[in-house]
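I have placed the structure first, in the form of structure tokens, so that the comments after it can refer back to it.
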Amino acid sequence: MARAPGELVRALAVDVRRTAIVLPDLRDFRLAEMVLDLRRLSHVRLIVEAPTGSPAHLMLAGDGTAEPNLDLEQWTDQRRREEWLPGRTDGQQHPAAEPERASATTFRCTC
């Protein structure tokens, strides 16, 4: 069991089983550093969501990763989104009501 980012990277480096990791709402640059370390492991696949402009996004952007903007209509099932919005418990408003809100960006590292 890893209790810190460095421990996770070391543990995965010696365990070469195929591994997929999903990191939603990544903002912290220290965890983005871990993502960069994990990218070096050929058996690890990562899906990382980082809000546009966050320290994590700035660190990961332009680093050869796929970067789809999940706020674009092509990535949204509108019916499911409308069902999901009323049930949000995080206190955030609907994105359309927040014009200054940065959009979410997902990085898909498949190195």
Side-chain angles (χ1 to χ4, degrees):
M1 174 186 276
R3 294 176 296 257
E7 288 181 19
L8 178 62
V9 173
R10 286 188 297 277
L12 289 173
V14 297
D15 183 350
V16 295
R17 291 178 290 178
R18 293 177 62 172
T19 304
I21 300 172
V22 178
L23 299 168
D25 200 24
L26 185 73
R27 297 169 186 266
D28 189 294
F29 75 93
R30 289 170 291 179
L31 292 177
E33 288 174 340
M34 178 189 71
V35 168
L36 294 175
D37 290 339
L38 289 171
R39 283 188 55 197
R40 295 184 184 105
L41 304 176
S42 62
H43 60 285
V44 174
R45 298 293 181 256
L46 301 164
I47 297 175
V48 179
E49 176 191 28
T52 302
S54 68
H57 175 249
L58 297 174
M59 181 174 280
L60 297 172
D63 194 39
T65 58
E67 187 177 346
N69 182 338
L70 298 182
D71 286 337
L72 295 177
E73 218 173 280
Q74 70 190 40
W75 304 111
T76 303
D77 178 330
Q78 196 60 38
R79 182 189 57 78
R80 290 181 66 197
R81 179 180 172 87
E82 294 302 323
E83 291 172 0
W84 171 77
L85 285 171
R88 289 183 67 169
T89 59
D90 59 8
Q92 292 183 0
Q93 294 179 341
H94 186 288
E98 303 175 47
E100 72 285 347
R101 178 183 164 267
S103 63
T105 299
T106 296
F107 293 93
R108 183 171 166 245
C109 307
T110 56
C111 300

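Side chains are part of it too, since the values below use all heavy atoms of this structure and drop only hydrogens, waters and symmetry mates.
- Partners of Arg18 under the side-chain hydrogen bond (donor to acceptor under 3.5 Å, both in side chains) rule, at least two apart in sequence or in another chain, do not exist in this structure.
- Looking at residues two or more places apart in sequence or on another chain, you find a side chain to side chain contact (heavy atoms under 4.5 Å, CB included) between Arg79 and Asp77, Glu83.
- Taken from CG in Leu38 to CG in Leu23, the straight-line distance is 8.0 Å, to the nearest 0.5 Å.
- Separation of atoms CG (Leu31) and CG (Leu60) is listed at 10.5 Å; rounding is to 0.5 Å.
- In this structure, Arg3 has no side-chain hydrogen bond (donor to acceptor under 3.5 Å, both in side chains) partners at least two apart in sequence or on a different chain.
- In this structure, the side chains of Pro51 and His57 stay at 4.5 Å or more apart for every pair of heavy atoms.
- Residues satisfying the side chain to side chain contact (heavy atoms under 4.5 Å, CB included) criterion with Arg10, sequence neighbours excluded, are Glu7.
- When all heavy atoms of Arg17 and His43 are compared, the pair lying nearest together is O-CD2, 3.0 Å.
- In this structure, Ile47 CD1 and Leu26 CG are separated by 13.5 Å, a value rounded to the nearest 0.5 Å.
- Remark: Leu8 engages Ala2, Leu12, Met34 in a side chain to side chain contact (heavy atoms under 4.5 Å, CB included) (not counting sequence neighbours).
- Listed here is the closest heavy atom pair of Asp25 and Glu49: N-OE1, 3.1 Å.
- Legend: residues meeting side chain to side chain contact (heavy atoms under 4.5 Å, CB included) with Val14, ordered by chain and number and at least two apart, are absent.
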